[in-house]
Amino acid sequence: MTSVSKMYVNKSFPSSFPWSVKDQTVLQICSFPVTSVSSEQNLVKNECLVFAQMPKRISVSTHYHETGMGEKGDLQRNVLDSSHLISIGLDEDEFVGTSLIDMYAKCGDMDSAVVLFNQMPRLDVASCNCLISGYASCGLFDEAFSFFMKFDSFGNKPNPYTYSTMLSICGTLSVIEEGKQLHAQVVKMQHLSETAVSNVLLTMYSKCGAMEEAESLFNRLPQRNLISWTAIINGLYKHEDFEKAMMLFCLMRENGIEPNEYTFTIALACCRSVKNLDNGRLLHALVIKRGMALGEFVGTAIIDMYSELGQMDDAEKHFKGMGTLASKVSWNALTKGLVHNEKAHDALDAFSEMVRKDTACDEFTFSIILKACASLPSFTSCQQIHARVVKANFDTNMHVGSSLIEAYTKCGSVEDAERVFSQISVPDVISWNSVIKAYSQNSNPRRAISLFRGMIDKGFRPTGSTFLAVLSAYSHSGKIQDGQEIFQSMVREFGILPEEAHYSCMVDLLGRSGQLEKALDFINNLPIKPTASIWTPLLAACRCHNNLQMAEFVAKHILALDQNAATVYVTLSNMYAEARQLVDAENQRKLMKLKEVTKEPGCSWIEVKNKIHKFFSLDRTHPESAKIYNKLNQVMIQIKDNASANANPLYPEEDSCLYHSEKLAVCFGLISLPAGKPVRVFKNLRVCTDCHMFMKFASMITERVIVLSDNYRFHHFNKGCCSCRDYW
DNA sequence: CTAGGGTTAG
């Protein structure tokens, strides 16, 4: 019960509580005069009543009133004092007693509920049902089952209410065998005509993944109401059968059943999932007409629908329209939309606004906002949010934990990532994947592999993503044999079907180590048609190992699949230039212009300078952006002045700055890496000793952590392998 | 007095 006390003090509700009370209502209830609070015990009991549902409160008080023990104006005060109820013997009233049992059960105090239950002079079905549903809402499912088994011993037969609760438990636990047995009993007892029972049967089957059963039951039902339709539509939605769900939604309306908020919420989610903006707008219009558009659930579903379909303006407009009706879920949906639509800074702003407005943050909030930190990436924001996470006791949550790991990984801080991992109370596969990826992407493939072993030892079943991280680790550590073995075992031992990304990882593994022919063989023998992203690592390998002939061959394949593959033109042009085939090199450049291929960002002197400027003026999270900008500017000028030795053989005049701006672009990549875009500069990065030193220097003056991305070859600091030779 | 359907995350 102390938890209820705490809850009361903090005025916030744990989401696990089985009913929802709006904050205003709570405040309203809490403001009732509580005069008889003397002992801790009373306080706790009073809280129980405060937190009980309104209707029940009224019904208890009504009984109280009807016995003539209180004046109408005094009702609230009386009802707040349950010990008083007991002292006047009302707890022996069958109905009041049952209400009290139910109240304690719903408050999570099963001990008190059981005590009261045992004190009841006469036990009817309802009291038993209250106890069962109490067990269910407290997650004590075994207790609920064993109580159900000895139902007879209390002289009662299970009624439709009992079956509803039991079936609901089966759905939650996803135990279909027990569910089917109960179904049989329900049929035998002729309770199927109770729509509440048949509805929970529908839900049970769909939660157990048995959609055929659910659908055929639905078709056979003698009576269907709105809830039956909603249950089946939701089942289809949850099983990603969106088209059918929408079809039933329409059918329902044709059958003259008017959807309510629940149904509209699911329908909107369906439109989002099938990316049908027209239907989404149609539904939006329908809910406006019915005055439901600003409701908590429907409103949030609308925000989510628009933001998922890239209509952030509509989403934000709707969010503003919701005003104070926006719940934390609405905030989360909006923030998620901003992050997904590459507006990470706006997302951070929204988050600050949310905090400023005192909206409670939950684990979803943190998960989402950490994604924004990761996409910038901004180490300072990361740390700030992390502090809030710890303060709000979410650092043990696996979702938040994994998000933190991802964010720290993007900021290059593996140490922080692993520290976060050790804090997660119950890590799951995805948490493991994240921490393995952290090491595999940040230059410690050995640690990644040992973590992978640890994960298997602990009995976790690796997923496709796990193998992606592990394969990449093997590729970077040059362990071809091990990599090939793990790829085999992924298929044979773990039965995971390799996807495109796995194949390109394998090509990278072989090609990177110089086994170009083997890599080509591998591609030619794939069970699927090779895609551009499977060919591309081979091109990078050709560049690295100076095989112009194969590069030309690979380039053809890539261009046939993706005409706009800028990397093909750039790589070929550079390779030709080095082979002193200047005409060919120039042709590649012309081709690129002709096809209007968008050049990769971060290339020329001006571009880099502008980008750095833009980044630092945007990154409001960095306390010393101006100072750093100036320092960087000085370095750039210095380099420009000293850089005549390494001219581009193709364009000796534009040369030195281009050459060194490439280095700066590299640095810039690790200084800022704005969402999605200049990461390319950084991808396929091969770093020579010079550049490595430069990167260290840049990271020092900017006081930022070095981010080593995907293809960073930390152990190959030979000049010949470096990206700084690519003159874009 | 007791039962049935909804939105957001790694």
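Per chain, numbering begins at 1; letters A, B, ... match sequence-line order. The analysis underlying the following values was restricted to heavy atoms, covering all of them including side chains, and did not include hydrogens, waters or symmetry mates.
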Per [X] side chain, nearest of listed nucleotides [options]:
X: A:V329; options: B:dT8, B:dG10, B:dT2; result: B:dT8
X: A:E406; options: B:dG10, B:dG6, B:dT8; result: B:dG10
X: A:A126; options: B:dC1, B:dA3, B:dG4; result: B:dC1
X: A:V200; options: B:dG10, B:dG4, B:dT2; result: B:dG4
X: A:S403; options: B:dG5, B:dG10, B:dA3; result: B:dG10
X: A:K336; options: B:dT7, B:dC1, B:dA9; result: B:dA9
X: A:N332; options: B:dT8, B:dG6, B:dG10; result: B:dT8
X: A:V197; options: B:dG5, B:dT2, B:dA3; result: B:dA3
X: A:N129; options: B:dT2, B:dG5, B:dT7; result: B:dT2
X: A:S402; options: B:dA3, B:dA9, B:dG10; result: B:dG10

What does [X] touch in the nucleic acid at a heavy-atom separation under 4.0 angstrom: a base, only the sugar-phosphate, or nothing?
X: A:M398; answer: base
X: A:T165; answer: sugar-phosphate
X: A:T195; answer: base
X: A:S431; answer: base
X: A:L226; answer: base
X: A:Y237; answer: sugar-phosphate
X: A:N433; answer: nothing
X: A:K238; answer: sugar-phosphate

Between [X] ([atom1]) and [N] ([atom2]), how many Å, whole number?
X: A:I385; N: B:dG10; atom1: CD1; atom2: P; value: 15 Å
X: A:M120; N: B:dT2; atom1: CE; atom2: C1'; value: 11 Å
X: A:Y161; N: B:dG4; atom1: OH; atom2: P; value: 11 Å
X: A:L370; N: B:dG10; atom1: CG; atom2: P; value: 11 Å
X: A:L116; N: B:dC1; atom1: CG; atom2: P; value: 18 Å
X: A:L268; N: B:dG5; atom1: CG; atom2: P; value: 20 Å
X: A:H318; N: B:dT7; atom1: NE2; atom2: C1'; value: 12 Å
X: A:M305; N: B:dG6; atom1: CE; atom2: P; value: 20 Å

Item checked: B:dT8 OP1/OP2 closer than 4.0 Å to side-chain N/O of A:K328 -> no

Checklist line | N/O (side chain, A:R272) to phosphate O (OP1/OP2, B:dT7) under 4.0 Å | finding: no

Next item on the list: Find the distance between CE (A:M120) and OG (A:S127) and round it off to the nearest 0.5 Å.
Entry: 4.0 Å

Acceptor/donor pairs from residues 178-196 of chain A side chains to any protein atom, 3.5 angstrom cut, sequence neighbours excluded:
{"residue": "A:K180", "atom": "NZ", "partner": "A:E213", "partner atom": "OE2", "Å": "3.4"}
{"residue": "A:H183", "atom": "ND1", "partner": "A:Y205", "partner atom": "OH", "Å": "2.7"}
{"residue": "A:Q185", "atom": "OE1", "partner": "A:Y163", "partner atom": "OH", "Å": "2.8"}

Next item on the list: Using only heavy-atom distances, decide whether a donor-acceptor pair under 3.5 angstrom links the side-chain of A:D428 to the base of B:dG10.
Entry: yes

Note to self: I'd like to know if A:S198 reaches the base of B:dG4 with its side chain, counting only an N/O donor and acceptor under 3.5 Å.
What the structure shows: no

Item checked: Within 45° cone and under 6.0 Å: A:R388 NZ/CZ vs A:F366 ring -> no

Check: Are the side chain of A:S367 and the backbone of A:S403 linked by a donor-acceptor contact shorter than 3.5 Å?
Finding: no

Check: B:dA9 base stacked by A:H399? Criteria: ring centres under 5.5 Å, plane angle under 30°.
Finding: yes

Note to self: Quick check, does A:F297 stack with B:dT7? I mean ring centres under 5.5 Å and planes off by under 30°.
What the structure shows: no

Checklist line | Side-chain donor-acceptor pair present, A:T263, A:N260, cut-off under 3.5 Å | finding: yes

Margin query: I'd like to know if the side chain of A:S431 pairs up with that of A:D428 as donor and acceptor (distance under 3.5 Å, no hydrogens or angles considered).
Written below: yes

Could you give the side-chain donor-acceptor pairs of residues 228-238 of chain A under 3.5 Å, partners two or more places apart or in another chain?
{"residue": "A:S228", "atom": "OG", "partner": "A:N199", "partner atom": "OD1", "Å": "2.7"}
{"residue": "A:S228", "atom": "OG", "partner": "A:N225", "partner atom": "N", "Å": "2.9"}
{"residue": "A:S228", "atom": "OG", "partner": "A:N225", "partner atom": "O", "Å": "3.4"}
{"residue": "A:S228", "atom": "OG", "partner": "A:N225", "partner atom": "OD1", "Å": "2.8"}
{"residue": "A:T230", "atom": "OG1", "partner": "A:L226", "partner atom": "O", "Å": "2.7"}
{"residue": "A:Y237", "atom": "OH", "partner": "A:R272", "partner atom": "NH2", "Å": "2.7"}

